[in-house]
Number of protein chains: 2
Amino acid sequence: MLDDIVGYRLRRAQVLVYQDYVRTVGSLDIRPAQFAAMTIIGANPGLSQTTLATTMGIDRSGAVILIDALEGKGLAARVPSKVDRRTYAIMLTDKGATTLAELKRMVAEHDNRVTACLGPEERVQLNSLLLRLYQG
Amino acid sequence: MLDDIVGYRLRRAQVLVYQDYVRTVGSLDIRPAQFAAMTIIGANPGLSQTTLATTMGIDRSGAVILIDALEGKGLAARVPSKVDRRTYAIMLTDKGATTLAELKRMVAEHDNRVTACLGPEERVQLNSLLLRLYQG
DNA sequence: TATTGTTATACTCTATAACTATA
DNA sequence: TATAGTTATAGAGTATAACAATA
C-alpha cells in the first residue's frame, strides 16, 4: 500500500542515498546543500546571494546561512560588488575550488556506488524519469 | 553537473511531491509520517510502538511523538497489553479508520497528479527502479 | 518604493541519552 | 540484565517577518 506511493519510495530512496553521501564525504563535513551551493558558485562565479537562493529554490535567509558556513570554512568569499553596493559577488576561494574538485570526485564515486544495483541504461532511465517528475 | 547526481534529483523530486501532498491533504493536517504510521497500524492492528518504529525505520522516541499526535487527534489509541504490561497495543479508533480511508483516496489522487507527466508503464518503471535503489 | 543582505524567531523532523516500569 | 515506553535535549533544515543600507 505504502509501496505504491511515489512519495514514499522517493523518501526511502533518499534516506539511503543520503546516508551513503554522509559516509562518503563525512570527513570533509560538507552538507549536500553546501555541495550544491559550491557547485553552483563554481559554475557561476560572482553571482549574488539572492541569485544563489532562487537557483537552489530556497529563501534568501537560507543563502546567508549557507555562505556563512562556507566562508567560515574558508571555501567561499563575499566580494563587494562595484556596481551595486547592496550585493556581494560570491566566489570560491582557491581552497574552495580545490575542495570542490575533490568533492566532485567523491560524489561521483558515491553516485556510482548508490546506483550499483542498476545497469547503465537503467541509471539513465531513472535520472530521466526523476527529471520529468519535477520538470513537468 | 548537479543534474547527473541521483541524490540531487531525488531531493528535487521529493520537494515537489511533498508540496503537492501538503496541498492535497492540507485540510486534514496529517503529515506524511503520520499517514505512513496510520497505514501500518491499519494493516497491523495491535502492534507495539517499538514494532512501528522499526517498521518505519525511526527511533522508538519518534514513535512516541507520532502516536501522541494521532492520539491527540483522536485517530489512534494506546490499549494496554494484557500479556506484557510494558507495552501498548496500538489501534486506530473508528474515526482513525474513517480518516485513513479518506486519506488513502486523497493520497491516491495526489499520486496520480504527481506522476501525470509519466505514462502507465513509466510509472511502473519508476517505482521499480526506486525500489531497487533502496532494496539493493 | 523596491531590493539585498541580514537577524531573530519559530517550526518540523529526527537522534541521543537517561529515566521508569516491567520482564 | 534486558526491553518498552517516556522525557529532555539538541541538531539540521527551512520559512517568515522585520530591519538597515542601497537602488
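Throughout, protein chains are lettered first and strands after them, A, B, ... in sequence-line order, and every chain is numbered starting at 1. What's counted below: heavy atoms across the whole structure, side chains too, no hydrogens, waters or symmetry copies.
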DNA chain D contacts among residues 72-82 of chain A, heavy-atom distance under 4.0 Å: none
Determine whether [X] and [Y] make a side-chain contact, defined as any pair of heavy atoms from C-beta on separated by less than 4.5 Å.
X	Y	answer
A:Leu130	B:Leu10	yes
B:Leu52	B:Ile90	no
A:Arg23	A:Val25	no
B:Leu75	B:Lys95	yes
A:Thr98	A:Thr93	no

Specify the residues of [range], ordered by number, for which at least one heavy atom lies under 4.0 angstrom from an atom of DNA chain C.
range	value
residues 2-15 of chain A	A:Arg11
residues 45-69 of chain A	A:Ser48, A:Gln49, A:Thr50, A:Arg60, A:Ser61, A:Val64
residues 17-35 of chain A	none

Ion pair present between A:Arg113 and A:Glu109, side-chain N to carboxylate O less than 4.0 angstrom?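 Result for this pair is yes, salt bridge flagged.
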Between the side chains of A:Lys104 and A:Asp111, is the shortest nitrogen-to-carboxylate-oxygen separation below 4.0 Å, so that they form an ion pair? no
So, OP1 or OP2 of D:dA23: does either fall under 4.0 Å of a side-chain N or O from A:Arg85? yes
D:dA4 P sits how many Å from B:Arg86 CZ, rounded? 6 Å
Whole Å only: how far is the CG atom of B:Asp84 from the P atom of C:dT20? 19 Å
Report yes or no: do B:Leu100 and B:Leu47 belong to one cluster of Ile/Leu/Val/Met/Phe/Trp/Tyr joined by side chain heavy-atom distances under 4.5 Å? yes
Are B:Val64 and B:Ile30 connected in a single hydrophobic cluster, I mean Ile/Leu/Val/Met/Phe/Trp/Tyr linked by side-chain heavy atoms less than 4.5 Å apart? no
What one should report as the nearest heavy-atom pair of B:Met1 and A:Ala43 is SD-CB, 4.0 Å
Spacing of OH belonging to B:Tyr88 relative to OG belonging to B:Ser48, to within rounding of 0.5 Å: 12.5 Å
Side chain to side chain contact (heavy atoms under 4.5 Å, CB included), that's the test. Do B:Tyr21 and B:Val17 meet it? Break it down for me. CA-CA 6 Å; B:Tyr21 172 91; B:Val17 168; 5.5 Å; no
Assess the residue pair A:Leu133 and B:Leu118 against the criterion (side chain to side chain contact (heavy atoms under 4.5 Å, CB included)); give the C-alpha distance rounded to whole Å, side-chain angles, the decisive distance to 0.1 Å, and a yes or no. CA-CA 8 Å; A:Leu133 219 53; B:Leu118 305 181; 4.0 Å; yes
Rounding to the nearest 10°, end axes of the helix from C:dT1-D:dA23 to C:dA23-D:dT1 built from five pairs each make an angle of 10°
Residues which pass ring-ring contact (aromatic ring centres under 6.0 Å, His included) with A:Tyr8, listed by chain and number, not counting sequence neighbours: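 Once residues adjacent in sequence are excluded, A:Tyr8 has no partner under the ring-ring contact (aromatic ring centres under 6.0 Å, His included) criterion.
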Side chain to side chain contact (heavy atoms under 4.5 Å, CB included) for B:Gln14 and A:Arg11? Distances and angles first, verdict last. CA-CA 7 Å; B:Gln14 216 217 331; A:Arg11 192 188 151 278; 3.5 Å; yes
